[in-house]
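Before any comments, here is the structure.
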Amino acid sequence: MSDSMKEVIEALDPVTQSILPPDISIGTLVPLKTVLELRDNLSLGSAYITRAPNKVTNDVLNVARSLAGDDAANNLPHLRRCVKPGDLPPHLKAQFMNEGNGRSVHAGKSNFLYIILGVKDEMPYGELVRGLATIDDIRDDIFVAEVPIPLLAPTSQVQANMWSQQFWQTVYRKSNPLGPHPSTISRTESTVSRDASIWMTLAHQIAKKSQKAGFGEPIGAVVIKRTIPGGKHEKKTITNKAVSVTSNGEGTGVTDDVENVEAADMAPDDGMNDNKQMDDCKSETLTQDISAYKEEAKETTQIVAIAADARWHQQEKTGRTGNPMAHAALRAISMVAQKLVRAEQRPQNEPQIMEFEAFQDKPLLNDEQIVFNADHPCPDGYLCHELELYLTHEPCTMCAMAILHSRMGRIVFRHRMPLTGGMTSEDRGYDACSGSTVCEGSPCGGGKGLGLHWRKELNWTLLGWEWEADSTEALPVDAHLHA
């Protein structure tokens, strides 16, 4: 074990240290590709355009919105909505000059603009013409044309310039248009990689214990809370006495109340204190507070939940797929929820005696119970907001959506599930089952990867990685299994 890993382990919370095995398997994080990153760079579609005087541009756009809706009307942010005649691609300029009153439109002092109305498939042509006919300034000469447009944003300025000459005026924005910004991935990965091996080892351990006990498949999940000092929600609470500091560094007094003080507000500017010195008491108090903050202001991680697959608990295994509500990811999320409820000190009802419990969300294994007994490190947030989930296997579509809705911030898994997984974006192969008898010789799987870790049309996105480790014992499951 490396010295850096020993330091990480020594900084862990006592609960994690009590269940951590002596051998930690080291792995590598590989960022998941998004759906858009795996599509062709150039995906063409058809759009309707019109031309109109500047003063009626809003009227034209209102007609387009009334037919396609606001979302559809605004789903091409990489294309300029309005283009001057002189800025059209050469082939469109030559074509439109010879249609209708095109020559006057392309005159030097023309006040006309060409306007994208929307994707062809999203608005009926007849209704579009009737809507434009209600605008006085273009009623007598309604112009509607169909042009090819790139449906996806360009990935470079060079590509944007090329598309502007080939199709329509295209804008390149200096961010990753196909997923999370590369700097975000790199910065987060450097943080996660320091201790990812620990959490994946724990997930692997609980998976094997569950399989050995006959509760479920060898699938495990670990949820952690990571606190990074200086983050957007991180503040330091100073008790007893706190010194108020003005912008020029001058102490203004000592307060006995508890105050929340940002780290940036705690250190005075030494260069501004030549003429005004704080008295010894105030200066000493402030120095102690700053020293205490610097000592405590370290990144911390704390395990929140650990859960194994329990689909076979209280259920016969032969000829069945198991209890879908007892998948490892769902059990882990439910345990987090129970901790939040427990922190609110709600009155607990007597547990009902049931012949079969659909939600196997109570601890079944000793490691699960140890972690479950510990308090939630941040009980005032929304369920799993910005927590991290480590899984031995790629979660199925059902679990993937539960992970999204619980507002998990990051996900790391080891084994891909090409036929049933919901997080990866690669197309699902027809031979992923490797000749499993379940298929009985017919093709299985296939279709597009869902890539649910980052989909802009969903109301939440999370960063995702695959964890590669050659030295760790594999946890094989059937290719058709929904993890």
Side-chain angles (χ1 to χ4, degrees), residues 1-32 185-213 216-228 298-309 328-329 331-332 335-336 363-374 377 387-395 408-416 423 463-477 483:
M1 186 182 298
S2 65
D3 293 338
S4 59
M5 181 57 67
K6 290 180 180 178
E7 293 179 1
V8 172
I9 294 176
E10 291 174 356
L12 293 174
D13 61 279
V15 175
T16 301
Q17 292 183 356
S18 67
I19 63 175
L20 191 66
D23 297 326
I24 307 297
S25 300
I26 305 301
T28 303
L29 292 173
V30 180
L32 298 181
I185 297 176
S186 177
R187 183 173 60 252
T188 307
E189 185 174 315
S190 65
T191 300
V192 174
S193 62
R194 289 197 291 268
D195 53 16
S197 297
I198 292 174
W199 313 118
M200 292 303 301
T201 298
L202 285 176
H204 188 276
Q205 175 179 263
I206 199 70
K208 292 182 64 177
K209 289 183 177 181
S210 179
Q211 183 187 36
K212 183 178 180 180
E217 298 292 328
I219 302 170
V222 172
V223 179
I224 72 162
K225 166 67 176 177
R226 188 183 304 276
T227 302
I228 302 177
K298 299 178 181 179
E299 177 186 313
T300 60
T301 55
Q302 185 169 345
I303 191 168
V304 183
I306 184 170
D309 184 85
R331 294 188 68 228
M335 289 181 186
V336 174
L364 299 175
L365 298 165
N366 185 55
D367 289 355
E368 293 179 347
Q369 187 67 57
I370 292 174
V371 178
F372 185 77
N373 290 341
L387 299 184
E388 297 176 15
L389 175 63
Y390 295 81
L391 285 164
T392 56
H393 295 72
E394 179 184 1
M408 201 74 69
R410 301 160 186 168
I411 181 171
V412 181
F413 63 83
R414 181 187 177 192
H415 295 284
R416 286 199 180 202
M423 286 293 172
L463 300 177
W465 288 268
E466 185 177 5
W467 191 71
E468 294 184 351
D470 297 333
S471 60
T472 306
E473 178 186 355
L475 297 174
V477 296

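The shown structure was predicted, so the numbers you read here are calculated from the model rather than taken from an experiment.
Taking 4.5 Å as the limit, every side-chain heavy atom of Ile303 sits out of range of all side-chain heavy atoms of Tyr390. The shortest side-chain heavy-atom distance between Met5 and Ile198 falls under the 4.5 Å cut-off. Counting heavy atoms from C-beta on, the side chains of Trp199 and Val192 never come closer than 4.5 Å. Looking only at side-chain heavy atoms (C-beta outward), Trp467 and Thr28 stay at 4.5 Å or farther from each other. In this structure the side chain of Met335 never reaches within 4.5 angstrom of the side chain of Val223, judged on heavy atoms. The shortest distance between side-chain heavy atoms of Glu388 and Val412 does not fall below 4.5 Å. Taking the side chain as every heavy atom from C-beta outward, Thr227 and Pro377 never approach each other to under 4.5 Å. Residues Pro21 and Thr201 form a side-chain contact, since some pair of their non-hydrogen atoms from C-beta on lies under 4.5 Å apart.
With rounding to the nearest 0.5 Å, the separation of OG1 in Thr392 from CG in Leu202 is 12.5 Å. Atoms CD and NE2, from Glu466 and His415 in turn, are 10.0 Å apart once rounded to the nearest 0.5 Å. In this structure, OG in Ser25 is found 11.0 Å from CD in Gln205, a value given to the nearest 0.5 Å. Between the OG1 atom of Thr188 and the CZ atom of Arg410 there is a distance of 5.0 Å, given to the nearest 0.5 Å. Going from atom NE2 of His393 over to atom CG of Leu475 covers 5.5 Å, rounded to the nearest 0.5 Å. Here CE of Met423 is found 7.5 Å from CG of Leu389. Values are rounded to the nearest 0.5 Å.
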Between Lys208 and His204, does a side chain to side chain contact (heavy atoms under 4.5 Å, CB included) hold up when you go through it step by step?
-> CA-CA 6 Å; Lys208 292 182 64 177; His204 188 276; 3.4 Å; yes
Evaluate the criterion side chain to side chain contact (heavy atoms under 4.5 Å, CB included) for residue pair Ile24 and Ile9; output intermediate values, then yes/no.
-> CA-CA 10 Å; Ile24 307 297; Ile9 294 176; 4.1 Å; yes
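In this structure, Gln17 contributes its side chain and Leu12 its backbone to a donor-acceptor pair below 3.5 Å.
Considering all non-hydrogen atoms of both residues, Ala307 and Ala332 come closest at CB-N, 3.6 Å. Taking all atoms of both residues into account, the shortest heavy-atom contact from Ile206 to Ala203 is CG2-O, 3.3 Å. Of all heavy-atom pairs spanning Leu391 and Met200, the tightest one is O-CE, 3.2 Å.
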